[in-house]
Novice: 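Here it is, the structure, as structure tokens.
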Amino acid sequence: MGGNSDMKLIDENGIRIDGRKVDELRPIKIEAGVLKSADGSAYVEIGKNKVLAAVYGPRECHPRHMQNPAKAIVQCKYNMISFSVSDRKRPGPDRRSVEISKLISEAMEYVVFTENYPRTSIDVYIEVLQANAGTRCAGLTAAAVALADAGIPMKDIVPAVAVGKVNDQVVLDLNKEEDNYGQADLPIAMIPRTGEVLLMQMDGHLTQAEFDKALEMGVKACHEIYELQKDALRRRYAIVNGETEEEPKEPAEDVNEEA
Amino acid sequence: MARSIVSEIKRDHIHKLIADGKRVDGRAWDQVREISVQTNVVETAEGSSRVKIGNTEVIVGVKMTVGEPFADTPNKGVLSTNAELIPMASPSFESGPPDENSIELARVVDRGIRESQMIDLEKLCIEPGKKVWINFVDIYVLDFDGNLFDACNLGAVTAIKSAIVPAKANGLGEDYPMPITCTPISVTSVQIENSILVDPTLDEEKVAAARLTVTTDDNGDLRAMQKGLSGALTLEQVKTAIETSRRLGIEIRKLIG
């Protein structure tokens with residue numbers, strides 16, 4: 001957080017520098033099943049964020065000592081590609097991405113019915129192609145859709161969003177400037193059906209009243225994203241359905257040969 | 001790339017089709033899969049491109065910073081090419097530092113660009129011996145279905161062509177397009193059962209005995225080559241692969257404009 005900067009990010013009418021109201025999400029685009037090799041995949045754009053997620057598994061768990069004889073483990077790897085940020089990032093994991101990977105893995109492990117697949121690993125790869133604040137939320141949102149696309153049974157689909165504080169006001173879904181010069185950042189992921197929180201981090205400064213307001217805003221936005229996630233899966237499913245309907249193969253002739 | 005196991009039934013199937021002059025996906029031996037190129041896909045990069053050849057997909061970004069030249073080329077910009085075979089792209093790719101496959105891939109792509117002098121590196125010198133532009137060409141494989149060499153070459157070339165030198169942000173005057181002299185295009189062929197097939201799919205790569213990547217420039221002259229895999233090629237087969245590369249290079253160059 002940049003702390004209390006004098007930079008004016010919200011005007012008198014409550015409009016932010018990208019033209020949004022304080023409780024407005026950036027434009028969101030979600031697409032399921034975008035990669036051929038992966039068992040499940042998803043592409044998510046939230047504002048200028050562009051994120052790909054791919055799922056492999058359940059498959060044999062490597063390294064083997066991490067196997068759990070009672071259930072599957074979920075291993076998410078969050079990574080930013082070198083040209084996703086303004087100053088080139090050296091390829092490979094850094095401390096930040098290791099932490100984010102851990103949090104997303106833990107969140108997803110709770111929603112997947114891991115007890116169905118003992119001793120296996122469900123691997124989720126999240127690649128940030130273009131970053132503009134809120135990539136962990138976009139990544140988690142994509143990962144949830146990719147897991148569903150892979151046909152892995154889950155309690156629910158998980159949406160995620162960040163709420164923050166800018167110019168002493170609580171605002172939804174921070175963009176890069178707001179993230180750099182804002183006063184607080186609160187990423188949230190939740191299970192919409194039950195209202196359970198799966199990921200929560202905070203840095204900056206929020207009063208109790210501000211936190212309550214931020215949480216309320218975040219929960220409402222999560223439900224909006226949730227609908228878009230389900231819609232993406234429905235679109236994906238509808239296409240597959242259309243294709244299979246064209247060739248209904250019934251092995252009817254075999255019966256006659258027998259007789 | 002990864003020489004993972006291929007089932008005998010699949011190997012026999014591919015061999016049998018080739019004996020009849022056919023391929024699994026119905027292509028002619030000298031026919032490339034459908035190519036799609038989308039440039040400027042990442043705003044944070046100076047140039048970027050997303051390329052699909054069949055089901056193989058790569059994303060390439062060019063980042064430019066101001067830095068010191070190498071001592072032996074004080075008046076030339078620097079080119080650095082890197083390829084990441086990320087586990088997203090294939091069940092056989094693992095995370096970690098670049099392995100021999102990704103190093104070979106990056107070096108072959110680099111050689112085509114460097115040896116053709118596609119980028120006019122002398123125009124990327126700011127102050128001889130002190131300040132030049134450093135170009136990082138980073139290739140990420142997103143979906144792997146064979147022939148990474150050509151997909152990565154095409155991705156790198158189109159990303160470089162779309163790049164804008166960020167002079168303004170570095171206090172060096174107005175931005176200008178990357179100085180380009182030509183368009184090097186690589187075309188890869190494999191030898192299976194003594195036939196030469198262009199643009200192999202993953203299954204074809206797995207059963208192939210030998211591979212030859214040939215990079216040509218706008219004049220059809222050779223700029224880089226790489227033979228791969230443990231099999232051998234006859235001189236006749238090498239000539240076929242070169243002739244195919246030259247011919248298809250013209251078509252691909254037209255396609256990307």
Side-chain angles (χ1 to χ4, degrees), chain A residues 33-43 45 47-60 62-63 75-93 97-98 101 121-133 135 139 142-143 146 150 176, chain B residues 2 38 40-50 52 54-67 80-98 102 106 134-146 155 159 163 166 169-170 201-202:
Chain A
V34 292
L35 300 173
K36 271 276 189 320
S37 305
D39 297 320
S41 59
Y43 175 70
E45 279 185 21
K48 285 185 177 178
N49 287 307
K50 295 180 180 177
V51 178
L52 260 179
V55 171
Y56 285 91
R59 62 180 177 185
E60 199 182 339
H62 289 291
Q75 302 192 78
C76 297
K77 290 261 166 62
Y78 164 100
N79 181 48
M80 294 178 103
I81 63 175
S82 60
F83 47 90
S84 64
V85 281
S86 48
D87 288 331
R88 178 178 185 264
K89 183 197 163 291
R90 268 185 68 147
S97 63
V98 169
S101 299
S121 169
I122 297 168
D123 299 322
V124 184
Y125 300 105
I126 300 166
E127 297 289 336
V128 178
L129 307 182
Q130 183 174 299
N132 193 272
T135 55
K176 195 179 165 198
Chain B
Q38 218 187 330
N40 295 317
V41 287
V42 174
E43 286 173 35
T44 42
E46 270 68 73
S48 61
S49 175
R50 199 160 161 176
K52 279 185 92 165
N55 287 327
T56 292
E57 185 170 359
V58 304
I59 187 167
V60 182
V62 180
K63 291 292 286 179
M64 298 180 75
T65 56
V66 176
S80 163
T81 310
N82 174 53
E84 298 279 326
L85 304 181
I86 53 177
M88 167 177 279
S90 161
S92 63
F93 292 171
E94 286 169 16
S95 44
S102 84
I134 316 274
N135 303 283
F136 289 103
V137 178
D138 288 313
I139 303 167
Y140 286 80
V141 179
L142 301 178
D143 211 344
F144 174 43
D145 188 26
N170 289 275
T201 63
L202 179 55

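Keep in mind that this is a model prediction, so the values were computed, not measured. Each chain gets a letter, A, B and so on, in the order the sequences are listed, and its residues count up from 1.
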Novice: Looking at A:K48, A:K77, A:H62, which one has more heavy-atom pairs under 4.5 Å with chain B than the rest?
Specialist: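 Most heavy-atom pairs within the cutoff with chain B belong to A:K48.
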
Novice: Which residue out of B:N82, B:D145, B:V60, B:T56 racks up the most heavy-atom pairs below 4.5 Å with chain A?
Specialist: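 Option with the top pair count is B:V60.
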
Novice: Among B:E46, B:E57, B:K63, which residue forms the greatest number of heavy-atom pairs with chain A at distances under 4.5 Å?
Specialist: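 Of the options given, most contacts go to B:K63.
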
Novice: Which residue out of A:R88, A:E127, A:K36 racks up the most heavy-atom pairs below 4.5 Å with chain B?
Specialist: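 Between A:R88, A:E127, A:K36, the count favours A:R88.
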
Novice: Is the backbone N or O of A:S82 less than 3.5 Å from a side-chain atom of B:Y140, with the two atoms forming a donor-acceptor pair by type?
Specialist: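 Pair found, side chain donor or acceptor close to backbone of A:S82.
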
Novice: Check step by step if side-chain contact (heavy atoms from CB on, under 4.5 Å) holds for A:I81 and B:I86.
Specialist: CA-CA 10 Å; A:I81 63 175; B:I86 53 177; 5.6 Å; no

Novice: Below 4.5 Å, heavy-atom pairs only: which of A:V34, A:L35, A:D39 has the largest tally toward chain B?
Specialist: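 Greatest number of close heavy-atom pairs with chain B: A:L35.
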
Novice: Using 4.0 Å as the upper bound for N to carboxylate O, is an ion pair formed by A:R59 and A:D123?
Specialist: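 Looking at A:R59 together with A:D123, the answer is yes, because their closest N to O distance falls below 4.0 Å.
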
Novice: What do the steps show when you test A:Y56 against A:S121 for side-chain contact (heavy atoms from CB on, under 4.5 Å), and what is the final call?
Specialist: CA-CA 9 Å; A:Y56 285 91; A:S121 169; over 6 Å; no

Novice: For B:E43, which atoms come within 4.5 Å of any heavy atom of chain A: side chain, backbone, both, or neither?
Specialist: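 It is both, since atoms from each part get that close.
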
Novice: Flag the one option from A:A38, A:G92, A:S84 with the top tally of heavy-atom pairs under 4.5 Å to chain B.
Specialist: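 Top option by heavy-atom pairs under 4.5 Å: A:S84.
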
Novice: B:S48 side chain to B:G61 main-chain N or O, any donor-acceptor pair under 3.5 Å?
Specialist: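 No, B:S48 side chain to B:G61 backbone: no donor-acceptor pair under 3.5 Å.
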
Novice: Could you tell me how the ring of B:F144 sits relative to the ring of B:F93: parallel (under 30°), tilted (30 to 60°) or perpendicular (over 60°)?
Specialist: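 Aromatic pair B:F144/B:F93 classed parallel.
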
Novice: Let me know if B:A169 has heavy atoms under 4.5 Å from chain A in its side chain, its backbone, both or neither.
Specialist: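 No part of B:A169 comes within 4.5 Å of chain A.
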
